[in-house]
Engineer: 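Quick one: structure below, then a few questions.
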Protein chains: 2
Amino acid sequence: MNSMTTPAVQASRGPVTRKDVARYAGVSTAVVSYVVNGGPKKVAPATEAKVQDAIRVLGYRPNAAARALKLGSSETLGLVVPDISNPFFALFSHAVEDAAAALGYALVLGNSDGNLAKERRNIRNLAARQVDGVLLASVLFEPDLEVLETAEIPSVLLNQERDAPGFNSIGVDLAAGARIAVEHLIGHGHTNIGLAMGTNVSGATDGREVGWREALQEAGLPEGPIVYSAFTRPGGYTAGQRLLASVNRPTAIFATSDMQAIGLLRAVHEAGLSVPGQMAVASFDGSAESEYSWPPLTTVEQPVAAMAEAAVAALVGASRGEKPRHRIFPTTLHVRQSCGCP
Amino acid sequence: MNSMTTPAVQASRGPVTRKDVARYAGVSTAVVSYVVNGGPKKVAPATEAKVQDAIRVLGYRPNAAARALKLGSSETLGLVVPDISNPFFALFSHAVEDAAAALGYALVLGNSDGNLAKERRNIRNLAARQVDGVLLASVLFEPDLEVLETAEIPSVLLNQERDAPGFNSIGVDLAAGARIAVEHLIGHGHTNIGLAMGTNVSGATDGREVGWREALQEAGLPEGPIVYSAFTRPGGYTAGQRLLASVNRPTAIFATSDMQAIGLLRAVHEAGLSVPGQMAVASFDGSAESEYSWPPLTTVEQPVAAMAEAAVAALVGASRGEKPRHRIFPTTLHVRQSCGCP
DNA sequence: CACCCGTATCTACTCGAGTCAACAGGCCAG
DNA sequence: CTGGCCTGTTGACTCGAGTAGATACGGGTG
């Protein structure tokens with residue numbers, strides 16, 4: 001029994017706590033905290049060295065759960081996207097993770113799989129985990145804000161063209177982006193320009209459709225055929241087949257996402273037509289994939305990194321009491337070969 | 001007056017705690033816990049109803065941080081990948097998130113950007129956040145296990161062909177996969193088959209290279225040219241240019257990832273060669289992108305969903321004391337057109 | 001009627017870290 | 001030599017939830 005009296009220099013009892021460090025360094029637990037966070041009080045250099053030493057020797061890592069409990073913040077952000085394996089969202093996620101990590105936040109990821117119920121479940125789950133904010137790329141053009149409201153978490157709506165009062169939102173100028181792409185196609189002399197339009201679960205009209213229409217109207221051209229299909233490669237593929245089969249087959253097509261354009265290219269190739277010779281193509285997103293399709297796609301690039309940074313900044317700003325705002329980012333046309341440029 | 005006796009319906013003081021619920025329902029906090037988790041003690045049906053009511057009315061959500069602190073588990077898994085915007089890892093992440101969500105775990109994502117220091121930082125960060133396990137797709141062929149060991153977290157090594165004793169690991173049979181692809185190319189009559197080999201930061205030989213070599217040896221064919229480059233589209237592009245410029249230009253190429261193959265296709269197209277007519281191509285991964293390249297890629301598919309499920313299962317198993325093991329998954333050849341099949 | 005027992009509930013301690021009020025000691029001015 | 005002040009350090013309380021141990025109550029048995 002008294003053979004047990006020796007304190008036995010921390011016989012590797014799994015988790016090392018602040019107390020262990022304090023004991024080892026011969027100081028109080030408060031000092032350890034002060035050292036770890038450059039705390040609210042100063043610590044004598046000699047003491048600090050002792051503590052740093054103890055931390056290193058024992059391999060101490062502050063328990064984030066305890067920290068989160070005390071501070072009321074988990075230093076964690078949540079991101080809900082329809083599908084992370086969609087290259088656009090993958091790219092976006094990467095940028096968000098970078099921006100979050102730079103500010104010391106971790107990122108919890110959730111896929112909604114284009115399913116509203118799953119989107120809601122994800123948001124509620126994140127709320128329960130006390131994330132400090134959620135970034136939501138909703139499956140709806142106009143997301144149901146109710147879930148976010150009842151969850152009482154700072155949030156940012158992504159890919160939102162419209163302003164949602166009381167919410168942070170971020171989006172690109174879809175109409176303007178579509179317009180420059182279609183104008184570029186018009187500049188190549190095309191007079192019959194089709195549209196491969198992506199669809200979402202809600203029915204609101206997308207800015208890309210209005211941009212396409214505006215560009216044609218301004219140039220005094222008639223509207224080419226429109227085909228609606230999913231924002232995916234297969235969606236673009238079937239859209240392509242239908243556009244090629246339409247009575248007045250267009251000589252150029254604007255696709256509302258790179259993925260659709262990739263699918264569309266396949267349909268055009270299968271039909272034995274040359275791109276851009278017999279069918280010019282331009283699209284929207286500016287994903288990495290677009291650079292390596294054949295031919296490389298002329299596409300409207302979204303400033304993904306800037307948007308991600310702004311979204312994260314809005315979230316951490318919200319926790320400091322800043323008021324929500326709506327930001328629209330400009331796009332830039334990336335000219336490659338699918339439009340007819342050399 | 002009885003006006004004072006009313007509990008004063010929670011004047012919206014931000015976070016609702018267990019205590020608020022207890023007060024509102026007229027019970028102790030313990031009972032609230034018992035109700036919330038079907039607790040270790042039974043609760044009378046009538047009381048339970050009162051509590052459920054209070055929870056609903058007040059909109060109570062248990063604080064995950066407090067829960068994590070007490071239980072020593074955050075019901076969270078960490079995933080560290082080189083780059084989430086790489087379609088293969090994006091697909092994998094999605095599968096992991098699905099598997100984790102099915103078991104009630106959230107997923108924290110970290111990118112290492114092919115950078116060992118960042119990989120380590122990510123792991124340490126996850127460790128501090130008391131994740132219940134981490135899935136690591138290391139930037140190294142042979143990851144440094146030290147970080148994982150000192151972090152003392154259950155972990156799974158992904159994309160590991162080799163067995164790492166004491167660790168869970170999961171991988172595909174790279175050599176076998178490469179062999180069937182190369183054998184398929186040989187079946188098309190090719191006798192000079194090049195290799196576009198991806199490189200990692202460590203120098204160990206990849207199974208895909210041995211598979212390629214084995215297939216050629218077994219068929220009594222000489223080794224075609226090898227070019228090493230990054231596992232990316234640009235990497236494949238330059239690899240393609242170099243293979244096309246090599247003294248004995250191959251008539252078929254095996255690329256060790258779909259991304260490389262996509263880049264390679266661009267180089268071949270730019271050279272004005274037809275695929276598969278003048279240059280056949282096969283690759284490795286089975287990503288969605290491979291189906292929509294031109295021509296569609298014949299590729300070796302990895303069973304991503306099964307691997308993700310197994311990885312998550314290994315992690316939750318580990319927290320129950322199961323011992324680590326190494327699992328290798330078989331691949332399947334997806335025949336499309338880039339190899340020469342109609 | 002006293003006793004025991006099972007059920008339902010409550011009290012109180014715990015997890016690990018942040019931080020404030022209190023306190024020790026050293027130094028200088030008066 | 002004393003008083004005041006600055007610097008460095010500490011003890012103790014707190015965050016919200018899980019749960020063991022104590023307690024209250026009602027009913028059945030001897």
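In what follows, chains carry the letters A, B, and so on, assigned in the order in which the sequence lines appear, proteins first and then strands, with residues in each chain numbered from 1.
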Engineer: Under the rule for side chain to side chain donor-acceptor pair (under 3.5 Å), what residues qualify as partners of B/Ser169, not counting sequence neighbours?
Structural biologist: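 For B/Ser169, the residues satisfying side chain to side chain donor-acceptor pair (under 3.5 Å) (neighbours in sequence not counted) are B/His326.
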Engineer: List the protein contact pattern of nucleotides 20-28 of chain C with one symbol per nucleotide (5' to 3'): B for base contact, S for sugar-phosphate-only contact, - for none; contact means a heavy-atom distance under 4.0 Å.
Structural biologist: BBB------
Engineer: Can you sort out the partners of B/Asp113 under salt bridge (charged side-chain N to carboxylate O under 4.0 Å, His left out), two or more places apart, ordered by chain and number?
Structural biologist: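 B/Asp113 satisfies salt bridge (charged side-chain N to carboxylate O under 4.0 Å, His left out) with B/Lys118 only.
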Engineer: Has A/Thr29 got a side-chain N or O lying under 4.0 Å from the OP1 or OP2 atom of C/dG18?
Structural biologist: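 No.
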Engineer: Mind checking B/Val36 for me? I need base, sugar-phosphate or nothing, with any heavy atom below 4.0 Å counting as a touch.
Structural biologist: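 Touches nothing.
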Engineer: With salt bridge (charged side-chain N to carboxylate O under 4.0 Å, His left out) as the rule and sequence neighbours excluded, what pairs involving residues 43-53 of chain B come up?
Structural biologist: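 Found B/Asp53-B/Arg56.
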Engineer: Which pairs count as side chain to side chain donor-acceptor pair (under 3.5 Å) when at least one residue sits in residues 26-47 of chain B, sequence neighbours excluded?
Structural biologist: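 Only B/Arg18-B/Ser33 qualify under side chain to side chain donor-acceptor pair (under 3.5 Å).
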Engineer: Tell me what B/Val31 touches on the nucleic acid: a base, only sugar-phosphate, or nothing, going by heavy atoms under 4.0 Å.
Structural biologist: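 Contact class for B/Val31: sugar-phosphate only.
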Engineer: Would you mind telling me which residue lines up with the more 5' stretch of DNA chain C, B/Thr47 or B/Lys70, judged by nearest nucleotide?
Structural biologist: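 This one resolves to B/Thr47.
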Engineer: Nucleotide range of DNA chain D contacted by chain A, 5' to 3', under 4.0 Å to a heavy atom?
Structural biologist: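 Reading along DNA chain D, I get D/dG8 to D/dG16.
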Engineer: Using whole Å, report how far CG of B/Leu69 lies from C1' of C/dT14.
Structural biologist: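 Computing the B/Leu69:CG to C/dT14:C1' distance gives 9 Å.
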Engineer: Five pairs at each end of the helix from C/dC1-D/dG30 to C/dG30-D/dC1: take the axis at both ends and give me the angle between them to 10°.
Structural biologist: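 Both end axes considered, the difference amounts to 70°.
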Engineer: Side chain to side chain donor-acceptor pair (under 3.5 Å) with B/Asn86: which residues, sequence neighbours excluded?
Structural biologist: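 For B/Asn86, no residue satisfies side chain to side chain donor-acceptor pair (under 3.5 Å) once neighbours in sequence are set aside.
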Engineer: Looking across every strand, which nucleic acid part, if any, lies under 4.0 Å from A/Val43 by heavy atom: base, sugar-phosphate, or nothing?
Structural biologist: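 Sugar-phosphate, no base atom in range.
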Engineer: Mind checking side-chain contact (heavy atoms from CB on, under 4.5 Å) for A/Gln130 and listing every partner two or more places apart, or none if nothing turns up?
Structural biologist: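 In terms of side-chain contact (heavy atoms from CB on, under 4.5 Å), with neighbours along the sequence ignored, A/Gln130 is linked to B/Asn63, B/Ala64.
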Engineer: Restricting to side chain to side chain donor-acceptor pair (under 3.5 Å), what partner residues turn up for B/Ser85, sequence neighbours left out?
Structural biologist: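 B/Ser85 satisfies side chain to side chain donor-acceptor pair (under 3.5 Å) with B/Asp83 only.
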Engineer: Nearest 0.5 Å, what's the CG-CG distance between B/Leu79 and B/Asn111?
Structural biologist: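 These two atoms lie 9.0 Å from each other.
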Engineer: Counting the atoms with a prime plus P, OP1 and OP2 as sugar-phosphate, which does A/Ser33 contact under 4.0 Å by heavy atoms, base, sugar-phosphate, or nothing?
Structural biologist: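 It contacts base atoms.
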Engineer: Sequence neighbours left out, what passes side-chain contact (heavy atoms from CB on, under 4.5 Å) with A/Ala95? Give chain and number order.
Structural biologist: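 side-chain contact (heavy atoms from CB on, under 4.5 Å) check on A/Ala95 returns A/Val304, A/Ala308.
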Engineer: Looking at C/dA17, does its base get a donor-acceptor pair with the side chain of A/Arg18 below 3.5 Å?
Structural biologist: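 Donor-acceptor pair under 3.5 Å: yes.
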Engineer: Under the side chain to side chain donor-acceptor pair (under 3.5 Å) rule, collect the residues that match up with B/Asn125, sequence neighbours excluded.
Structural biologist: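 So B/Asn125 forms a side chain to side chain donor-acceptor pair (under 3.5 Å) with B/Arg129.
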Engineer: Base, sugar-phosphate, or nothing for B/Val32, non-hydrogen atoms under 4.0 angstrom?
Structural biologist: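 Nothing: the residue B/Val32, judged by heavy atoms under 4.0 Å, touches no strand.
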Engineer: Will you find, in the side chains of A/Asn122 and A/Ser112, an N or O donor that is under 3.5 Å from an N or O acceptor?
Structural biologist: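 A/Ser112 and A/Asn122 do not have a side-chain donor-acceptor pair below 3.5 Å.
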